[in-house]
Amino acid sequence: MFKALVASGLLVAFLPAEPPADYYQATKDQRGEELRQTLHDLIDDHTALEYRDTREAIAAVHEDPENPANLIQIYTRRSVPKVKVDLWNREHLWPRSRGNTDKRGPDDTDLHHVYPSDYDVNGKRASLLFDITQPPRPANFWSMDEDSFQPPAIVVGDIARALFYMAVRYDGSDFQTSDLTLVSADFNGAEMGNLKTLLQWHEADPPDANERRRNALIFEKFQHNRNPFIDHPEFAGRIWGLEATSPSFPSPDNDDKIPPICAESSSSPSSPHSVPAPTEPTPKSKEPSPVKP
């Protein structure tokens, strides 16, 4: 078994992507709340980082495989220098305003959901829910409307599994945390979604080698816990059910490679791809769903 070695934020060796053989042994034949509780007990009490230490950790976890000096931004898919602090900031996929307003608990620095992002796109997304936006956009672009943010198709599964992890990891039992809940309608307080759409995205964009590598690195080098939904995608169906079985847009090509950067126009030579612009916010009506854990 190879071991992850990180020197100055640089990943310099291969990682064993698979969990230890007995890591999920207690979950056999479990479903619903029983499985959720078992997974919570398995992944809680992780090694929490100080917020000041997360930049170096994020840079290592999201390193560009083709350029170790760079990292990949979550929404734009740009490769940018790790050391250029003016080019990326820290995006909380589960927004701070939805259950983490004090910014002091282990959820605030949890690497399973804190990703590198372009400043401008992070600001635009704010605390919007993840959902299908109107009008529809091409699969390789991010977009937003009045109440939702839709990432590029190549990362929708990654984001869904990060939120599944958060909903299982945080039940309010840790100091300065909330009981995080995924729902499909009537979002309040520490609730996030749209669960129905996230389940679709989870099916459409299964884990690839890069996502498994990130999971292994967080486990071995930083937090010493794993995202179960990367290791066992079937856990999502066993907890929430997969009522939505057809993707809402074309499925990305899961060939274990960083996809080409998608942009609508070129910018400067040092940043050859511009951030895809969102559509103007458009009113829409959501179809309520009874799904709620």
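These numbers come from a predicted model, not from an experiment.
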Can a salt bridge be assigned to the pair Asp158 and Arg214 using a cut-off of 4.0 Å between side-chain N and carboxylate O?
yes
Could you tell me if Arg161 sits above the aromatic ring of Trp201, with its cationic atom closer than 6.0 Å to the ring centre and no more than 45 degrees from the axis?
no
Answer yes or no for Arg31 and Phe235: cation-pi contact, defined as NZ/CZ to six-membered ring centre under 6.0 Å and angle to ring axis within 45°.
no
Under 6.0 Å between ring centres: does that hold for His202 and Phe229?
no
Over all heavy atoms of both residues, which pair between Thr177 and Gly105 is shortest? Give the atoms and the distance, please.
CG2-CA, 4.4 Å
Judged by modelled atom types alone, do Gln30 and Thr27 share a side-chain donor-acceptor pair under 3.5 Å?
no
With a 4.0 Å cut-off, would you call Glu56 and Lys82 a salt bridge?
no
For the residue pair Trp88 and Tyr119, is the inter-centroid distance of their aromatic rings smaller than 6.0 Å?
no
With sequence neighbours excluded, residues passing ring-ring contact (aromatic ring centres under 6.0 Å, His included) with Tyr115
His62
Can Asp131 and Lys196 be counted as an ion pair, charged N to O under 4.0 angstrom?
no
For the residue pair Asp145 and Thr133, confirm or rule out a side-chain donor-acceptor distance under 3.5 Å.
no
Salt bridge between Lys124 and Asp120, side-chain N to carboxylate O under 4.0 Å?
yes
When every non-hydrogen atom of Pro207 is compared with those of Ile230, the smallest separation belongs to CG-O, 3.7 Å
Any side-chain donor near an acceptor of the partner, Asn100 and His92, under 3.5 Å:
no
With a 6.0 Å cut-off on ring centres, are Tyr75 and Phe141 close enough?
no
Side chains of Asn215 and Glu211: donor-acceptor distance under 3.5 Å anywhere?
no
Give a yes or no on whether the backbone of Leu49 and the side-chain of Thr109 come within a donor-acceptor separation of less than 3.5 Å.
yes
Do NZ/NE/NH1/NH2 and the carboxylate oxygens of Arg98 and Glu191 come within less than 4.0 Å?
no
On the 0 to 90° scale, with breaks at 30° and 60°, tag the Phe164-Trp240 ring pair as parallel, tilted or perpendicular.
tilted
What I want to find out is whether Asp44 reaches Arg169 closely enough, with some N-O distance under 4.0 Å, to be called a salt bridge.
no
Does one side chain, of Ser117 or Asn122, offer a donor that lies under 3.5 Å from an acceptor on the other?
no
Closest approach of Pro151 and Ile159, non-hydrogen atoms and distance?
CG-CD1, 3.4 Å
Partners passing side-chain hydrogen bond (donor to acceptor under 3.5 Å, both in side chains) against Asn225 (at least two apart in sequence or in another chain):
His112, Tyr165, Gln223
